[in-house]
Amino acid sequence: MDSTSFVALLSAVLFTIGVLGVLLRRSALLIFMSVELMLNAANLAFVAFAHRWAQLSGQVIVFFVMAVAAAEVAVGLALIVTIFRTKRSTNVDDLSALRG
Amino acid sequence: MTDLPLLIILGAISIASALGLLLSRNAIYAALFLVLNFGVGAVIYLVLNAPFIAVVQVSVYAGAIMVLFLFVIMLLGAERLSPAENPPGIPLQRPLAIALGAALFGLALYVLFARQPPATPSPMVDSSPAAVGQSLFSTYVFPFEVVSILLLVAMVGAVVLTRNK
Amino acid sequence: MELFILSPILFPLLGLLTNATLGRRMSERAIGGVATLAAAGAFLMCLLMFGQLTASEEARLSATIAPWISAGALNVSLSFLVDRLSIVAMLIVTGIGALIHMFSVGYMHGDERFQRYFVYLNLFLASMLVLVMADNFLVMFMGWELVGLCSYLLIGFWFKNLKNAEAGRKAFVVNRIGDVGFVLGILLIFVTFGSLRFDEVFARAEAQGEALAGAIGLITLLLFIGATGKSAQIPLFVWLPDAMAGPTPVSALIHAATMVTAGVYMMVRASPLYELAPLTQNIVAIVGALTAFVAGTSALRQLDIKKVLAYSTVSQLGYMVSACGLGAFIAGDFHLLTHAFFKAALFLAAGSVIHGMEHGMGAAHGAHVDPQDMRHMGGLARKMPITFAAFLLGGLALAGVPPLSGFFSKDEILVDAFKHNLLVFVLLGLSAVITAFYVGRQLVLVFAGRPRSAAAEHASESGWLMTVPLIALTIGTVFAGLFNFPGTHPLTDWLAPVVRHGEAPKFEPGLAALFTVLAIGALVGAWWVYRHPERANAEAEAGLGRFLAGGWNFDDIYRAAVVKPFYVASTVCAQIIDVAVIDGTVNGVGRLFRVVGGSLRSVQTGFVRNYGLVMLVGVVVVVAYFVLSAR
Amino acid sequence: MPVLLEVTLKSVVLVFVLLTGFAYLSLVERKVLARMQARIGPNRAGPMGLLQPVADGLKLIFKESITPAQVDKPMYFLAPVLVVVPALILFAVIPVGKGPTFQLASDINVGALYVVGVMGVAVYGITLAGWASNNKYAALGGLRASAQVISYELGMGLSIVAVVLMASSASLAEIVEAQMPGNILGWFVFRQPVAAAIFAVTAMAELARAPFDLVEAEQELTAGFMTEYSGMKFALFFMGEYVKMIAVSALFVTFFLGGWSGPFVDQVPILSVGYFALKVVACLLLMIWARATLPRMRYDRLMGFGWKVLTPVAIANVIVTALLIVLGVPGYR
């Protein structure tokens, strides 16, 4: 196994953990962090393949992903703060007003 | 590959910290596990000949995003995540999530190992900040501008969302 | 040059634009003046063009504005043609149109939608000119539909009375039936000849007439169906008597002098085709003659002053159509010309009478009577001398009394019928006698004797705005016969280069004398019968009278054969198909989704994580598909 | 592995120098502050109080290590470490003298970004210390620290961007080289005065030193995030602060004061280290002077100043600098 494959594997593991975090944790903050973990896992894969194919584009994409993640966190945390002001909770299960 | 042993150690830390995030009962710890994970990620980037990404990872993720997380957690006092007081969760959520996660992971493994393209030795690419910058402002100038607008929008959005009426 | 050719159309367009945009700020006189001047200007332009056309036999003016439709082999341009045939029609339309515009200024005085009336009238003028100036079938059809629209708008002009609105609708619907035939005819022309331009179509038809006899027969028949709609022939004439609901000048202009003759004009225009279809010719001749007879007899029992004239118009159109069927296209066109004069004069005179009656009603403060009902008239000759003179001369022309115009044109047709088709001749001859009789009846009932109502008692002559056009038209009525006076027949010579199959008119002194005697006899007979006007009172009440008054009950036939079944079918559709099937389906679908949605509601847990789980299912499926299928 | 050995050796020397420097910096600060306030300062331990740091250290080492009951233990212990480590690793990229001998990794081409990243990470220690203490003063101190550091990091990063633009390199070694066109006017403090001012201000704010020391404002927050700490852990915070002072001074010297440059460095390379140390000491004295002179800012003023003044000015400075460089104005290539 070469280093690229290993990092790709690591990326898969981290991504799966991130998915599980999103689905299993109840705190909006934790869910958010899990999303960041997923993004990071994707970044790892990008850099790994950029390394294998000697391409700079993979790294550039990662740069963009980080910028988008930053934007997402800014808005996401603002949302969480706003929700917390009314609900006094960050538990997403408390936010089920749209129940059918 | 000489890097492999180092990568395995880093990978182990990375996975451990991710699991810590998944299982921790305390949002602060979860955030710190994530910081650790990102730090390890930065080192992995270094190993993979991506120093620019590595430092950006540290300054953006560890230095900005996670500090913001920490700040919000402490501001809201929302660090304790006790499941006991929650309403009885969603039936089947846990087993289904685990099964689906496993399926996703299986697919990734399948792609990685059953569909492995031939590994070709590749030359090292120049990944200095200058090279990345060149690429950003020539080939990727349009996405770059889009991202800058996105950041602006996010900034405005965050301000509007949190402003007291 | 093109602007010059288009100017007859542009003048009324300019007038209508002015009136439509600025009319709100303008006085009645100004509006009427603009509209009338527009018509008069168009007439002047037509005269100038006429002057140019006299230069040579081949002279013709054509103008192409723009390509209109270009699709595959179909190439139609928005182009116009002024030749010897169209200039005659144009002069009639603009000349009589201008006079009627002027008359309308007086007649419509005080109407709340005065401005709109003149906008419509100008629009009609422009549309009619488009129709007659067209150089291909499609542009002609455009004009055809535009005049139909104007006719609809003007019949229902006083739409606040439901009957008027219904009359407009009836005209519209009946005309559409004819239009279907016309459109099919145009399509078939294109399919057969690959062009819609008159000259190309006719040239090709002549070149290969034998081979295409069947197609040409069908084409001419379809075009004739169009003509039966527009020119009110059996079986589609029923709309015209009802069209009298419109203002009387409209009846004069549109429903007597110009638009209704469009069918005749179209058949004359297409005469090269009709020449090649003998079977259609026969059908046309017989239908025309039958129409003349049926409408003539119907006019015998009408009590409404305008209805008499309406049926008379149908009858006279029958003459023209019949003439076309006999191959006497020029005779038909000649009758069209003279008819335009005397029927316009008659209608305007009738309008003047109605106006006078309404005026008298106002002056007498008497009980309200129908100002159009002849039973309430009588003795108007002394009250309205100019009107009476116009009506008298127009009526005599209609009756075919020499030396008035109607005598010559009708005689030409009768001679042709005598030579070619005895059945047609008999029908047309009978109609001529009947015509004279109902003219006499009307003259006696309206003008002779003593006034039979307070309104008639106080009636007075109309103002100069109305009498001047009346006098002008009466002069035309008297002298229009000169256009094709036996022996000189300038109209025949004029049209011969265009309508090539026209023969020089023959004059049969014997026939002429016979019909002169018959007409005068019928007029005297009518006076004899209606010396006692009360005879008219009950004659339309029952039996044959009622049958005739109802226009041979065509309306009842339609009601039974078309309207009733349609209502039944509609009821079935509305109450069974619509309610049960369609509504049932729609409601059923709605109910189905409500039930399904209700049962699926529980899926919407409201838990974000749950939705995330479902998303993940989708992700896994999609990724699995691509991973496992892509080799 | 000679490389590994060399790096280790250099690191050890560096740490030793820094620890000594930290110790005597604290003494110098006390003495200078005392002089400025017309006092004498510590003068009992050793000649002129030169052994005072040793005494202080011994006292703190032997003090009983108290762990309050309600603290979050792992974080409570981790926090002081997190304060010291970033301060130390900053030196990895700073060239303290001419040539590779006096550099650890200062020629890496992302050095400036590394500085920004590490400065950003440095806030964790203070924030976590505040949170882990489970004490409202400490928590408020921690919150203030994170907000303050996030706010001023931006200005600092942008001022460094201007420097990087000037040097057209993110390597600290090359930044120093870029400031030596032979005379003192080549220093970026003269060619980038605005960036230098911003860096100076933001550096003080990052250090949470007067006049920006709201994190540990005694009057309102007792000792802020350090309230519950004592003994060696307290010493670590103390050490973190002073090492960071040295580090920030070193960075200022590197970015704006021509680094190790000075007369005769080409002939006697070892002189360069002396020049560097001299400049750093000058900066440190300036900081002490500022602490002795300036009153503490109000917190809302502090945040407002950071976002509404420093950040826009820094952005404008970057734009102007870029324009000057593109236009080829003399002195900006």
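Naming: A, B, ... by sequence-line order, numbering from 1 per chain.
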Applying a strict 4.5 Å limit to non-hydrogen atoms, the region of D:Met119 in contact with chain B is neither
Compile a table of inter-chain donor-acceptor pairs under 3.5 Å between chain D and chain B, counting both main-chain and side-chain atoms.
residue	atom	partner	partner atom	Å
D:Asp72	OD1	B:Tyr29	OH	2.3
D:Tyr124	OH	B:Ala62	O	2.5
D:Trp131	NE1	B:Glu79	OE2	2.8

Cut-off 4.5 Å, heavy atoms of chain D, and the answer for B:Ala130 is neither
Bottom line for B:Val35: the part with an atom under 4.5 Å from chain D's heavy atoms is side chain
Counting heavy-atom pairs under 4.5 angstrom with chain D, the leader among B:Ile73, B:Ile28, B:Leu32 is B:Ile28
Heaviest contributor of heavy-atom pairs below 4.5 Å to chain B, chosen from D:Gly130, D:Gly120, D:Ala132, D:Ala122, is D:Gly120
Looking only at D:Val123, D:Val118, D:Leu128, most heavy-atom pairs under 4.5 Å shared with chain B are made by D:Leu128
Acceptor/donor pairs from residues 78-95 of chain D side chains to any protein atom, 3.5 angstrom cut, sequence neighbours excluded:
none

Scanning both residues in full, the closest heavy-atom pair of B:Ala62 with D:Val121 reads CB-CG2, 4.1 Å
